[in-house]
Amino acid sequence: MTMRIQPSILSADFVNFERDFATISHADGIHVDVMDGHFVPNLTFGQGMVKRMQEITSLPLDVHLMIEDADRWAPKYAELGVFSVTVHFEACSDPVSISKNIRSHGSRVGISIKPNTPVSAIEPLLEHFDQVLVMSVEPGFGGQSFIEDSTLKIAQVRQALDSKGLSAWIQVDGGIDLTTITSAAKAGADTFVAGSSVFGVTDRNEMIDQLRNVAENSVR
Ligand code: DX5
Ligand code: ZN
């Protein structure tokens, strides 16, 4: 099974993205956390920065929008031509319209749920999404511990997708390291966001390779 590792640049050096991007060339994509200080109690960057990021890397950008009023803002990120745009179920009023709009720009579209949002909330929407992001920490900050119950939610999403014959990716974000990635992979995740565990080591490409190997070996 193909396992994807996407380092989260929330743990990178915000004034040295170009230098830090060069250290994660083995990644399958770069996870870009956009936060507005309202949906989450933290603030990062917006479209201008994401546009520049597109220009300094050839890796696919996976944009995770932790912002209110996703209906209004999500299309603007897709217009930049990023690889994927993920919105939070809790932050949008018409997820199906958002999906259509994002796909019309050629980007993949994801739907995310916070730790306290049940999988049942998004089950009827799955056919409209290319990726389901199960948050395994409360969104907002890097370096938090993986919430073990997230594996149950990942398994529920896996079962729901399989029973509907859908092939959306299952992404997990928060507290992923060489230990927690095993249970997330066994539960059915195939796309792993890792911030502090990648950017906290000297040889980031070596860590990316190890994470991918551990994930792939967990399901053999
Ligand atoms: C948290 C962000 C994550 C964060 C993960 O709200 O969505 O992408 O960077 O960081 P780690 O891997 O350190 O938990
Ligand atoms: Zn994220």
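As the structure lists them, so they are numbered: ligands from 1, and atoms in each ligand from 1.
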Close-contact set for ligand 1 against Gly140 heavy atoms, below 4.0 Å: 1 (C), 6 (O)
Shortest protein contact, atom 1 (C) of ligand 1 (heavy atom only): Phe141 O, 3.6 Å
Backbone or side-chain N or O of Glu138 under 3.5 Å from ligand 1 N or O: no
Which of the ligand 1 atoms, numbered from 1, are nearer than 4.0 Å to a heavy atom of Met66: 6 (O), 7 (O)
Side-chain donor or acceptor of Lys153 paired with backbone N/O of Val119 under 3.5 Å: no
No-hydrogen, no-angle side-chain donor-acceptor test under 3.5 Å, Asp173 and Ser136: no
Per-atom contacts of ligand 1 with Met135, taking only distances under 4.0 Å to non-hydrogen atoms: 7 (O)
Short side-chain to backbone donor-acceptor contact, Ser99 and Pro95, under 3.5 Å: no
Ile176-ligand 1 polar pair, N/O distance under 3.5 Å: no
Element-labelled atoms of ligand 1 that are located less than 4.0 Å from some non-hydrogen atom of His64: 7 (O)
Closest Asp173 atom to the Zn ion (ligand 2) [N, O or S only]: OD2
Shortest-distance N, O or S atom of His64 relative to the Zn ion (ligand 2): ND1
Identity and distance of the protein heavy atom lying nearest atom 10 (O) of ligand 1: Gly142 CA, 3.5 Å
Numbering as shown, the atoms of ligand 1 that approach Ala194 to under 4.0 Å (heavy-atom distance): 12 (O)
Aromatic ring pairing His88/Phe39, orientation class (parallel under 30°, perpendicular over 60°, tilted between): tilted
Backbone N/O of Val82 and side chain of Ser107: donor-acceptor pair under 3.5 Å: yes
Which residue and heavy atom of the protein sit nearest atom 5 (C) of ligand 1, plus the separation: Asp173 OD1, 3.5 Å
Side chain to side chain donor-acceptor pair (under 3.5 Å) between Gln156 and Glu123, worked out: CA-CA 9 Å; Gln156 284 170 16; Glu123 245 186 89; over 6 Å; no
Top protein contact for atom 14 (O) of ligand 1, by heavy-atom distance: Gly175 N, 2.8 Å
Backbone N/O of Gly195 and side chain of Ser8: donor-acceptor pair under 3.5 Å: no
Donor + acceptor pair across side chains of Gln131, Ser84 (<3.5 Å): no
Donor on one side chain, acceptor on other, Asp33 and Thr44, under 3.5 Å: no
Numbering as shown, the atoms of ligand 1 that approach His31 to under 4.0 Å (heavy-atom distance): 8 (O)
Proximal ligand 1 atoms for Val193, defined as those under 4.0 Å from one of its heavy atoms: 8 (O)
Nearest heavy atoms of Ser11 and Phe199, plus distance in Å: O-CB, 3.4 Å
Polar atom proximity, Ser196 to ligand 1 (N or O, under 3.5 Å): yes
Ligand-side contact atoms (ligand 1) for residue partner Gly174, heavy atom cut-off under 4.0 Å: 14 (O)
Worked check of side chain to side chain donor-acceptor pair (under 3.5 Å) between Thr2 and Asp190: CA-CA 7 Å; Thr2 308; Asp190 52 29; over 6 Å; no
Protein contact to atom 9 (O) of ligand 1 [nearest heavy atom, distance to 0.1 Å]: Ser8 OG, 2.7 Å
Donor-acceptor contact below 3.5 Å, side chain Arg212 vs main chain His26: yes
Shortest-distance N/O/S atom, Asp33 versus the Zn ion (ligand 2): OD1
Within-shell test, Ser197 vs ligand 1, heavy atom, strictly < 4.0 Å: no
Ligand 1 contact on Pro139 by region, counting heavy-atom pairs under 4.0 Å: both
Shortest protein heavy-atom distance from atom 12 (O) of ligand 1, along with the residue and atom involved: Gly195 N, 2.7 Å
Test side chain to side chain donor-acceptor pair (under 3.5 Å) applied to Arg4 and Thr191, Asp28, Asp62, the passing residue: Thr191
